[in-house]
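All ligand and atom numbering here is 1-based and tracks the order in the structure.
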Amino acid sequence: MRTKIKQILHATTPETWIGKEISVAGWIRTVRDQKSFSFIELNDGSTLANLQIIADAKITHYETLLPQMTTGASVRVTGKLVASPGKNQALELHASHMEVLGLCDATRYPLQKKRHTFEYLRTIAHLRPRTNTQGAVLRVRNALAFATHLFFQERGFLYIQTPVITGSDCEGGGEMFRVTTLNNFSDPTKDFFGKPAYLTVSGQLEGEIMACALSDIYTFGPTFRAENSHTSRHLAEFWMIEPEMAFADLKANMECAESYLKFCIRYVLEHCREDLEFFDKFIENGLIARLQHVVDSSFAHIPYTQAIEILKKAPKKFEFPFEWGADLQSEHERYLAEEYCKKPLIVTDYPAQIKAFYMRDNGDGKTVAAMDILVPKIGEIIGGSQREERLDRLEEKIRHHQLNREDYWWYLELREYGSVPHAGFGLGFERLVLFATGMENIRDVTPFPRFPGHAEF
Ligand code: 4AD
Ligand code: MG
């Protein structure tokens, strides 16, 4: 039976493992040859740390195996765990048997060198999960996904799967990838679905259908945007978590979003300590303190109109201009979060003209019940709103946004048959991973990043 390295190195009582005969498997990270034996650092991805293995002539066929023990080779090792005299680990493995499963030509293996740039590692996405940084990113990402389900399940939200292929443009931005089996696009009625179809930009509209029957739901799935963004915060394919709550207003929405974000951060602080310490040391000094601060603080609340006033008075030159009625740019969002509030903030009541058609009118003829959560380092991490549940207002908005009423017939019927106040939000999962790890580029926190010109793996 194989033991995962995490079980051994993260044991609450390492002493109980001493003297145990075990078998591990993984990839060799480094080999240090001494006179009569070798130190092998073995990693199996279950945890950041390597298990130190002492390989010597006691191993059957040692002489034959020795040249095969190279960086990158995959091996299965059996032996006895002993207390380690080294100060870096409590236990090490004295090998009695070793099997080389897959040879690795050390002269060609790209991860032979200790440090590579993240840009280079993206070109070898099939090997980069074997690096310390990627391993840590992927373990934290996994923990954040698990925390997401824990949070919503504990609150009684139902996990709903919304379609990836859709006929409606939720955000109305027209940044959609077309899905087609046609070679000639002139007649969409001849296409597979008999009408134009796209990859979804958001599961929200379908999520609203479900909330208007099941009360509280959430989606967690891939979304696609064909925006030609070359920033460190945008992907063409990203994952989004979209809760939707019936009988809820903007206030309830903000409470849920703040609690969810804090829950996730608290979860990784508790369950991913080793990986976070790695990020704190090598990626962003002070990361753990920054995350703890988020958990401990209550988020600031600032209406959009006031945010514009704050930006006007800011002792800082911005690259992009801003004025009431324009969308905030990332530099404005980061100023508000990093320098003005020094913690996450929720900007509310945006001008109707810069937000999607479904957001609820505030009744002042100018603003809608929108909320964006802005965090230090990232800017916008969550976007949400109370939804327009009044049929006549929604029809007017659809007209105003020059959308096709027929495309939204079912969305409108939700307002005709037992309409309820409801609200929800979307969190960009990769932005959450960026926030939790301190990584700089969104392309390094998703296993196979999709961005303009890149869909290799
Ligand atoms: O603000 P957005 O566009 O909102 C919606 O899609 C709503 N339908 C959500 C809802 O109310 N149910 O996107 C939500 C979040 C953003 O705050 C951001 O974190 C992330 O999704 N996001 C992206 N992440 C990576 N790459 C992109 N191109 C992204 N676009 C949005
Ligand atoms: Mg947004």
Note the single closest protein heavy atom to atom 18 (C) of ligand 1, along with its residue, its atom name and the distance in Å.
Arg431 NH1, 3.6 Å

If I only include protein atoms of type N, O or S, how many are less than 2.8 Å from the Mg ion (ligand 2)?
1

Side-chain donor-acceptor contact under 3.5 Å, Ser202 with Glu242:
yes

Atom 12 (N) of ligand 1 [closest protein heavy-atom partner, distance rounded to 0.1 Å]
Glu242 OE2, 2.7 Å

Would you say the ring centroid of Phe157 lies under 6.0 angstrom from that of Phe151?
no

Please check if atom CZ in Phe192 has more than 12 non-hydrogen atoms from other residues, nucleotides or ligands closer than 6.0 Å.
no

Apply the side-chain contact (heavy atoms from CB on, under 4.5 Å) test between Asp249 and each candidate in Gln386, Arg360, Met254; give the one that qualifies.
Gln386

Has ligand 1 got any nitrogen or oxygen that is less than 3.5 angstrom from a nitrogen or oxygen of Glu171?
yes

Can you tell me which residue and heavy atom of the protein come closest to atom 11 (O) of ligand 1, and the distance to 0.1 Å?
Arg387 NH2, 2.9 Å

How far is atom 26 (N) of ligand 1 from the closest protein heavy atom, and which atom is that?
Leu235 N, 2.9 Å

Tell me which part of Asp372 gets within contact of ligand 1: side chain, backbone, both or neither, using heavy atoms under 4.0 Å.
neither

Using a 6.0 Å distance limit plus a 45 degree cone around the ring axis, check whether Arg290 lies over the aromatic ring of Phe435.
yes

Gly384 neighbourhood, listing ligand 1 atoms whose heavy-atom distance to it stays under 4.0 Å
11 (O)

Can you list the atoms of ligand 1 that are under 4.0 Å from a heavy atom of Tyr358?
7 (C), 8 (N)

Would you confirm whether the ring centroid of Phe457 sits within less than 6.0 angstrom of the ring centroid of His126?
yes

Are Arg122 and Glu456 packed together at the side-chain level, in the sense that at least one heavy-atom pair is separated by less than 4.5 angstrom?
no

Could you tell me if Tyr358 and Gln204 have a donor-acceptor pair between their side chains, going purely by distance under 3.5 Å?
yes

Would a line drawn from the ring center of Phe220 to the ring center of Phe429 be shorter than 6.0 Å?
yes

Please give me the minimum heavy-atom distance between Met371 and Leu250, naming the atom from each residue.
CG-CD1, 3.8 Å

Nearest protein heavy atom to atom 19 (O) of ligand 1, by residue and atom, and its distance?
Ile381 O, 2.9 Å

Would Thr148 and Tyr260 count as having a side-chain donor-acceptor pair, cut-off 3.5 Å?
yes

Between Tyr159 and Tyr218 (judged by ring centroids, cut-off 6.0 Å), do the two rings come close enough to count as a pair?
yes

The one among Arg225, Gln204, Glu208 that brings a heavy atom closest to atom 2 (P) of ligand 1:
Arg225

For residues Leu345 and Tyr340, determine if any side-chain heavy atom of one lies less than 4.5 Å from a side-chain heavy atom of the other.
no

For atom 31 (C) of ligand 1, tell me which residue out of Phe425, Phe429, Phe451, Phe238 has the closest non-hydrogen atom.
Phe238

Is it the case that the side chains of Arg130 and Asn43 hold a donor-acceptor pair, with the cut-off being a distance below 3.5 Å and no angle test?
no

Would you mind listing which atoms of ligand 1 come within a distance below 4.0 Å of any non-hydrogen atom of Ile442?
25 (C)

Close-contact set for ligand 1 against Gly428 heavy atoms, below 4.0 Å:
15 (C), 19 (O), 20 (C), 21 (O)

How close does the nearest protein non-hydrogen atom get to atom 28 (N) of ligand 1, and which residue and atom is it?
Glu227 OE2, 2.8 Å

the protein heavy atom lying closest to atom 17 (O) of ligand 1 turns out to be Glu380 OE2, 2.6 Å

Closest protein heavy atom to atom 14 (C) of ligand 1, given as residue, atom name and distance to 0.1 Å
Met240 SD, 3.4 Å

Find all atoms of ligand 1 within a distance of less than 4.0 Å from any non-hydrogen atom belonging to Arg233, and give their numbers and elements.
25 (C), 26 (N)

